[in-house]
S.K.: 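Before anything else, here's the structure in question.
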Amino acid sequence: MNVTRDEDGMERITMSITVKNTGNMDGDEVIELYGTDKRASVIRPAKELIGFKRVSLKAGECTNVSMTFRIDQLAFVDLSGDWIVEEGDFLFFFGKDCNTPVYEMEYHQNQTLVIDHTKRDFFAKSTERR
């Protein structure tokens with residue numbers, strides 16, 4: 001996991017995973033990235049899809065997939081009507097689906113952020129490197 005800040009000062013998180021086709025035939029895999037706010041002050045989804053990427057792999061081939069997203073993608077409206085990302089702990093994971101985590105990382109947000117909901121992203125940006 002790599003954390004940087006963009007021009008607005010918002011945290012950008014990049015996660016990467018290596019995917020290998022261990023079979024004897026060419027095939028496709030869809031890599032999905034999910035996030036969980038572990039201790040929100042209001043009821044939140046148990047898991048949120050942050051991004052996904054379909055990759056085609058020849059038999060025995062592997063590739064590295066990276067997904068980058070802004071932490072405000074997990075923002076929500078609090079009881080005061082403000083869009084926020086709360087201080088606290090988050091869990092991010094790659095999986096074949098939301099119930100099959102393959103690689104997990106924890107992240108701690110150091111402060112509550114009030115965000116401009118018109119500037120937040122909806123899906124992670126993905127890249128692939130063979």
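Side chains are part of it too, since the values below use all heavy atoms of this structure and drop only hydrogens, waters and symmetry mates. Predicted, not measured: the structure shown is a model, and the values here were computed from it.
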S.K.: Do side-chain atoms of R120 reach the backbone of L74 as a donor and acceptor pair under 3.5 angstrom?
M.R.: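 No, R120 side chain to L74 backbone: no donor-acceptor pair under 3.5 Å.
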
S.K.: Is any side-chain heavy atom of F94 less than 4.5 Å from a side-chain heavy atom of M15?
M.R.: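 In contact.
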
S.K.: Below 4.5 Å, heavy atoms only, C-beta onward: do I71 and M10 meet side chain to side chain?
M.R.: yes

S.K.: Under the criterion salt bridge (charged side-chain N to carboxylate O under 4.0 Å, His left out), I'd like the reasoning laid out for E106 against K38: C-alpha separation, chi angles, the key distance, then a yes or no.
M.R.: CA-CA 10 Å; E106 294 204 13; K38 293 172 80 173; 3.3 Å; yes

S.K.: Do L49 and L33 make a side-chain contact, defined as non-hydrogen atoms from C-beta onward lying under 4.5 Å apart?
M.R.: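 They are not in contact (no side-chain heavy atoms under 4.5 Å apart), so the answer is no.
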
S.K.: Apart from L79 itself, which Ile, Leu, Val, Met, Phe, Trp or Tyr residues share its cluster (side-chain heavy atoms under 4.5 Å, direct or through members)?
M.R.: V42, F76, I84, V114

S.K.: So R70 and D8, salt bridge (charged side-chain N to carboxylate O under 4.0 Å, His left out) or not? Walk me through it.
M.R.: CA-CA 11 Å; R70 288 170 42 128; D8 295 334; 3.4 Å; yes

S.K.: Strictly distance-based, threshold 3.5 Å: is any side-chain N or O of D26 a donor or acceptor partner for the main-chain N or O of A59?
M.R.: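 Side chain of D26 to backbone of A59: a pair is present.
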
S.K.: Got a sec: does the CZ of R129 have more than 12 other heavy atoms crowding it under 6.0 Å?
M.R.: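 Not more than 12 within 6.0 Å, no.
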
S.K.: Would you name the heavy atoms of E61 and L57 that are closest together and state the gap between them?
M.R.: OE1-CA, 3.4 Å

S.K.: Mind telling me whether F90 and Y107 have parallel, tilted or perpendicular rings, with 30° and 60° as the class edges?
M.R.: tilted

S.K.: Is there a path of hydrophobic side-chain contacts, each under 4.5 Å between heavy atoms of I, L, V, M, F, W or Y residues, that connects I115 with F122?
M.R.: no

S.K.: Please tell me if the side chains of K53 and V30 come closer than 4.5 Å, counting only heavy atoms from C-beta onward.
M.R.: no

S.K.: Are the side chains of L113 and E11 in touch, meaning some heavy atoms are under 4.5 Å apart?
M.R.: yes

S.K.: Nearest 0.5 Å please: distance from the CD atom of E128 over to the OG1 atom of T63.
M.R.: 3.5 Å

S.K.: Checking the side chain of N2 only, and the main-chain atoms of T14 only, is there a donor and an acceptor separated by less than 3.5 Å?
M.R.: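 No.
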
S.K.: Could you pull out the closest heavy-atom pair between Y103 and S16, with the gap in Å?
M.R.: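 Scanning both residues, the minimum pair turns out to be CE2-O, 4.0 Å.
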
S.K.: Taking atom CE of M25 as the centre, does the number of heavy atoms from other residues, nucleotides or ligands within less than 6.0 Å exceed 12?
M.R.: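 Counting other residues, nucleotides and ligands, CE of M25 stays at 12 neighbours or fewer.
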
S.K.: Looking only at heavy atoms, what is the nearest atom pair of Y34 and I50, with distance?
M.R.: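 Looking at all heavy atoms of both residues, the closest pair is C-CD1, 3.7 Å.
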
S.K.: Indicate if I13 and V102 have the same hydrophobic cluster label, given that clusters are the connected sets of ILVMFWY residues with side-chain heavy-atom separations under 4.5 angstrom.
M.R.: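 Shared cluster, yes.
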
S.K.: Does the side chain of F69 come within less than 4.5 Å of F92's, by heavy atoms?
M.R.: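 Side-chain contact under 4.5 Å: yes.
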
S.K.: Does a donor on one side chain and an acceptor on the other come within less than 3.5 Å for S80 and D82?
M.R.: no

S.K.: With side chains defined as the heavy atoms from C-beta onward, is the minimum distance between H117 and K119 less than 4.5 Å?
M.R.: no

S.K.: Is a side-chain donor-acceptor pair under 3.5 Å present for E48 with T36?
M.R.: no

S.K.: Tell me the salt bridge (Lys or Arg N to Asp or Glu O under 4.0 Å) pairs involving residues 90-103, sequence neighbours left out?
M.R.: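 Not a single pair qualifies under salt bridge (Lys or Arg N to Asp or Glu O under 4.0 Å).
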
S.K.: Backbone N or O of S41 within a donor-acceptor pair of the E86 side chain at under 3.5 Å?
M.R.: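 Side chain of E86 to backbone of S41: a pair is present.
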
S.K.: If you define the side chain from C-beta out and look only at heavy atoms, does anything of N99 sit under 4.5 Å from K47?
M.R.: yes

S.K.: Are the side chain of Q109 and the backbone of G88 linked by a donor-acceptor contact shorter than 3.5 Å?
M.R.: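 No, Q109 side chain to G88 backbone: no donor-acceptor pair under 3.5 Å.
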
S.K.: Is the backbone of E87 close enough, under 3.5 Å, to the side chain of T112 for a donor and an acceptor to pair up by distance?
M.R.: yes

S.K.: Is a donor on one side and an acceptor on the other found under 3.5 Å between the side chain of D78 and the backbone of G81?
M.R.: yes

S.K.: Compare every heavy atom of E104 with every heavy atom of F93, then report the nearest pair and how far apart it is.
M.R.: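 Minimum heavy-atom contact is CB-CG, 3.7 Å.
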
S.K.: So with a 6.0 Å cut-off around CG of D28, is the heavy-atom count from everything else above 12?
M.R.: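 For D28, atom CG is crowded (more than 12 foreign heavy atoms under 6.0 Å).
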
S.K.: Looking at every heavy atom in both M67 and I31, which two are closest together, and how far apart are they?
M.R.: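 That would be CE-O, 3.5 Å.
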
